[in-house]
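Just below is one structure, and these are the notes that go with it.
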Protein chains: 2
Amino acid sequence: MDLNPEGVKANGRGDRETGTLGKLVALLDRVALADGPMRFTDILSLSDQPRGTLHRQLSHLVEEGLLEVDRDGRYLIGLRLLTLASRSWARNEFRAVAEPHLQRLHDVTCETVHLGVLHDAEVIYLDKVEGRQSVRMYSQIGNASPAYCTGVGKAALSALDDAELAIRIAALEFRPYTQQTLRNAGELLSDISEIRQRGYAFDIEEHESGICCVAAPIRSDDGHMLAGVSVTGPAYRVTPQSLQAWAPLVVAAADSIMMDMRNRMGPKR
Amino acid sequence: MDLNPEGVKANGRGDRETGTLGKLVALLDRVALADGPMRFTDILSLSDQPRGTLHRQLSHLVEEGLLEVDRDGRYLIGLRLLTLASRSWARNEFRAVAEPHLQRLHDVTCETVHLGVLHDAEVIYLDKVEGRQSVRMYSQIGNASPAYCTGVGKAALSALDDAELAIRIAALEFRPYTQQTLRNAGELLSDISEIRQRGYAFDIEEHESGICCVAAPIRSDDGHMLAGVSVTGPAYRVTPQSLQAWAPLVVAAADSIMMDMRNRMGPKR
DNA sequence: AAATGTCGTTCCAGATAATGGAACTTCACG
DNA sequence: CGTGAAGTTCCATTATCTGGAACGACATTT
């Protein structure tokens, strides 16, 4: 516990699980990540805590509404989180500023438009505009994906300076989601160098087979927040040519969002 | 700390703020509830904790990504919550089962359809289907409103037995959102008795001026979860007659959702 | 029906982390 | 430069969390 070289783990976030809160949030994460309600024993086998401790921790989370217990005594994520999150989303200034631009981009391209922000080495999708598909409508919002295999993520990474970039890449663990997924830091760096030259990024089935996109970076004026916009579509409908054609539009949208943010926040600092 | 008659507070939830987690969640709530980023001093004046303590608590929340600090050092709700909540939402079985029914109800009525679940004395909106309005699209999802002044809430309350109903109503604090808002337990009980007879509830501008709806209750087969569906529209377009006409459709949708849930979960218990 | 095993819950002395008063930085302003 | 307000760090004290073990509730087997 003196000099811990553990650093940052592979997901790009430092899951120190330190402190009471850290442990509880990690637990919350674990239950959230499961794809269904979990029985006490399931959670017990995943976490390396004694039964008594785990039980009390779960009870506390349930008491606060962060977890819920179904009629079979299984644990699942509680709705209280949805309430908290909806407020975080509704009051997010950046999202609000970007919204009309995303809408416009969608009107022109008729494909799905995403807005995502970079968090360590992950992209969190903040907003999405898509057509009348009715199903899975909200699915993407709030979703966190590795930055290295998404258009928005790579675009955002490209806006970092080399030092910062190196730090974040060092924390990565490259997992091959598809045939096209970048496989190591070298491939990522070379792609990022291209992205910097062009000003926009492509994702050709790197994260999900059959899905490709073109994305542009958004820098906040103080350089502290990085984000990206993308236009995404199915490979059978979206050709490299159309992606290429959309690129300037995406870049323009990203720039407009930057300008609007600057004007909104400008007077300060 | 022996016999505490504090019971349940006016919001219908028991905000005991007990234990480390309880205090932190209360803090989180406080920041979430504010309508903008909060400075350290603002939070300090609201919470009755010493500066040192508060500062450490905030730091922990920031470390876990539950809060964020903007460039001016002000605190706001973090995006990590969005990530956690999105999973809870995407994997919510009830929501998934209800979705097609909501869609169908929208197709017929061409007005906004809501799905909400009852939590203590609040309704949390789980899903929403609406037309091409593009703006404020997701705003309602996750939102928590008092049960006594929303259609979905009153419908859900009406499905409780008298004993349970009395308990929840006792915890209420009636706040007049509009001219039409029910003003006390008596008015609510009499409305609920009507709702029980008809099988559906109305909300005629009781929560928000110019907004009215018709709603029907959904009971889970084990009677443990209560929810409701509603069709909502602006008063200038939606007449009492149209609400009346939609009522059987809303009730039918609610019943279908109940049936689907029963079939899905049936084999057990 | 008794025996066995699994699963979940409760308890309490000991380890650990939270507490809060005070001292210490910044920083803005006159 | 002095003054005050806002924010941060420190550390002995104290409240809280920890985890082994014992207990209760079922289900399954013999």
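These numbers come from a predicted model, not from an experiment. Lettering of chains follows the sequences in order, A, B, ..., and the numbering in each one begins at 1.
With rounding to whole Å, B:Glu63 atom CD is found 14 Å from C:dA17 atom C1'. The nearest whole Å value for the distance from the CZ atom in B:Arg71 to the C1' atom in C:dC27 is 18 Å. Regarding B:Asp72, its CG atom lies at a distance of 11 Å from the P atom of D:dG7, rounded to whole Å. In this structure, the CG atom of A:Leu21 is 14 Å from the C1' atom of D:dT16, given to the nearest Å. A straight line from CG of A:Leu24 to P of C:dA17 spans 13 Å, rounded to a whole angstrom. The NE2 atom of B:His60 sits 10 Å away from the P atom of C:dA17 (whole-angstrom rounding). In this structure, CD of B:Gln57 is placed 12 Å from P of D:dT16, rounded to the nearest angstrom. The distance between atom CG of B:Leu27 and atom P of C:dT19, rounded to the nearest whole Å, is 11 Å.
A donor-acceptor pair under 3.5 Å links the side-chain atoms of B:Ser59 to the main chain of B:His55, judged by distance alone. When atom types are taken as modelled, the side chain of A:Ser220 and the backbone of A:Met225 share a donor-acceptor pair closer than 3.5 angstrom. At distances below 3.5 Å, at least one donor-acceptor pair connects side-chain atoms of B:Arg80 with backbone N or O atoms of B:Glu64. Counting only distance, with no hydrogens or angles, the side chain of B:Asp161 and the backbone of B:Ala163 share a donor-acceptor pair below 3.5 Å. Remark: side-chain polar atoms of A:Thr83 are paired, donor with acceptor, to backbone N or O of B:Gly142 under 3.5 angstrom.
By the side-chain hydrogen bond (donor to acceptor under 3.5 Å, both in side chains) test, A:Asp162 pairs with A:Arg196, sequence neighbours left out. B:Glu68 pairs by the side-chain hydrogen bond (donor to acceptor under 3.5 Å, both in side chains) definition with A:His119, not counting sequence neighbours. By the side-chain hydrogen bond (donor to acceptor under 3.5 Å, both in side chains) test, B:Arg219 is found to be paired with no residue, residues two or more places apart in sequence or in another chain being considered.
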Scan the side chains in residues 32-43 of chain A for donor-acceptor partners under 3.5 Å anywhere in the protein, sequence neighbours excluded, and list what turns up.
unit_1	atom_1	unit_2	atom_2	d
A:Asp42	OD2	A:Arg39	N	3.0

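If you check residues 40-50 of chain A against DNA chain C, the residues with a heavy atom closer than 4.0 Å are A:Phe40, A:Thr41, listed by number.
In terms of phosphate contacts, B:Thr20 brings no side-chain nitrogen or oxygen within less than 4.0 Å of OP1 or OP2 of C:dA17.
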Exercise for the section: Mark up nucleotides 10-16 of chain C, 5' to 3', with B wherever a protein heavy atom is under 4.0 angstrom from a base atom, S wherever such an atom reaches only the sugar-phosphate, and - elsewhere. Expected result: B------
